[in-house]
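In what follows, a single structure is set out as structure tokens and then discussed.
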Amino acid sequence: MRVLLVEDDLMIGESLSEALQDEAYTVDWVKDGRQAILTLKMQSYDIILLDLGLPEIDGMGVLTVIRDAKMATPVLIITARDDVKDRIAGLDSGADDYVVKPFELGEVFARMRVLIRRAQGKADNQLSVGNLNLDTAHKRVIMDGTPVDLTAKEYMLLTTFMLAPEKVMSKTKLEDSLYGWGGEVESNAIEFLIHSLRKKLGQERIKNVRGLGWYISNKD
Ligand code: CA
């Protein structure tokens, strides 16, 4: 799950991006509206967290670009308590929801899950494929009724697969959803993670299509 965080306040931006990474999101953080727009032209995201008061181009300007480009990515506005008018304008301009500063991280995450779920057309936080169940709210993976211990990166990779069962994903696409700009990607990082996921979930769960990539199989 890749998140674009647009926030010029360094303290909020730092703590939010750290907390998001702890929640197993891949985060790219930009600090003004112009950078946000440039980034959105090059990279796709699962959700955008957007501050409204920004240097260069403000949050409303970013929203206008998103709307004009007909991007379907959900947008959660992060706004100050006294910005009621801006909040309304933001929602009217295509934002999906907002949180008010100072916010509880738990609420931000819950609202993000709702928006991501809605974008995926899902009613709850459960993903299931065959005998595997993944709870995105509690970050738990259950196989045949037994919890499976995964590292953060293994969990992120499994989520990416389980969101689209039977769909082949290229190595680039998988690297993209697991690693933001800051993170160095070892050339065989994905292969290594798939190897360890197979050890934990069974060899047949994740299939390889030579030259194209991998997919998660529905069959137990
Ligand atoms: Ca701001």
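Counting convention: from 1, in listed order, for ligands and their atoms alike. Just so you know, residue 1 is the first one in the sequence shown, and it goes up from there.
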N/O/S atom of [X] inside 3.0 Å of the Ca ion (ligand 1), strictly under:
{"X": "D8", "value": "yes"}
{"X": "E7", "value": "no"}
{"X": "L54", "value": "no"}

CG of D46 to OG1 of T160: how many Å apart, nearest 0.5 Å?
8.0 Å

Can you confirm whether more than 12 heavy atoms, excluding those of D68, are under 6.0 Å from its CG atom?
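Above 12, so yes.
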
D51, N/O/S atom nearest the Ca ion (ligand 1)
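The atom in question is OD2.
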
V185 and F192: same hydrophobic cluster, using ILVMFWY side-chain contacts below 4.5 Å?
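Per the 4.5 Å side-chain linkage, V185 and F192 are not co-clustered.
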
Any donor-acceptor pair under 3.5 Å linking the side chain of R2 with the backbone of Y25?
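Checking the backbone N and O of Y25 against the side chain of R2, no donor-acceptor pair under 3.5 Å is found.
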
